Amino acid sequence: MRTVIGQRLPLAPRLRQVLYRPRRGLGPPVWVDAAGFDIRDHVRAQPVPAPGDETVLLQVCAGLNTGRMDRSRPLWQVWLLTGLAEGRAGLFIRLHHVVADGIAALALLGRCSTLIPRPPLRRRGPGRRNRSRLHASWRPTCCAGQRVPWPGPRPGCGIPQR
């Protein structure tokens, strides 16, 4: 997992940067590349104690989500949670809101975490746009590679209805 995320980090440069605050009067904070960036500080594995059910998983996630992140490093962490029931594994992602918030966070993480290659989107016919492009790109993929059902956009959100 470290290898895959490490190879895709150039697609999301913010994940290799820290917020630098110059002395007072010298300008606003700016994003700069982190010195000595090491993917091992950000992508880790954590075993989930037996029985590996949802209750134990939530307790592990709550423990991983405590404490402040080290501001001298990029403000994100990914934990592979092994040992879940039925041979499953989980993924816990911790991302500070200063790096990205909401939809921007999903896009940022999507650039680094797509493990299953997807075919390029094509036009449906001459002069007709592929209206499902936005819908398909934002719908998450579950572990089995199947699409998670999505009811569609809310009315008035600016996304064309099907």
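Every value quoted in this text rests on a predicted model; they were computed, and no experiment measured them.
Under 4.0 Å is where a charged nitrogen must lie from a carboxylate oxygen, and between D33 and R16 no such pair does.
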side-chain contact (heavy atoms from CB on, under 4.5 Å) between V98 and W31, worked out: CA-CA 11 Å; V98 74; W31 289 101; 4.2 Å; yes
Derivation and outcome, side-chain contact (heavy atoms from CB on, under 4.5 Å), residues L84 and E54: CA-CA 8 Å; L84 294 176; E54 185 176 357; over 6 Å; no
Pair Q17-F37, side-chain contact (heavy atoms from CB on, under 4.5 Å): steps then yes or no: CA-CA 9 Å; Q17 296 176 333; F37 177 83; over 6 Å; no
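Residue C61 is tested with V56, L81, V48 for a side chain to side chain contact (heavy atoms under 4.5 Å, CB included); the sole match is L81.
R88 places a side-chain N or O within 3.5 Å of a backbone atom of A85 that can act as its donor or acceptor partner. A donor-acceptor distance shorter than 3.5 angstrom exists from the side chain of R2 to the backbone of V43, with no hydrogens or angles considered.
Taking every heavy atom of both residues into account, V78 and M1 meet most closely at CG1-CE, 3.7 Å. The two atoms that bring L64 and Q46 nearest to each other are CD2-OE1, 4.4 Å, heavy atoms only. Closest approach of R44 to R73, counting heavy atoms only: NH2-NH1, 4.4 Å.
Linking ILVMFWY side-chain heavy atoms closer than 4.5 Å, directly or via other members, places V18 and Y20 in a single hydrophobic cluster. If you chain together hydrophobic residues whose side chains sit under 4.5 Å apart, L9 and V99 fall into the same group. A continuous path of hydrophobic side-chain contacts links I93 to M69 [ILVMFWY only; heavy atoms under 4.5 Å]. A chain of hydrophobic side-chain contacts below 4.5 Å, direct or via other Ile, Leu, Val, Met, Phe, Trp or Tyr residues, connects I5 to L80.
The six-membered or imidazole ring of W76 lies away from that of H96, with a centre-to-centre distance of 6.0 Å or more.
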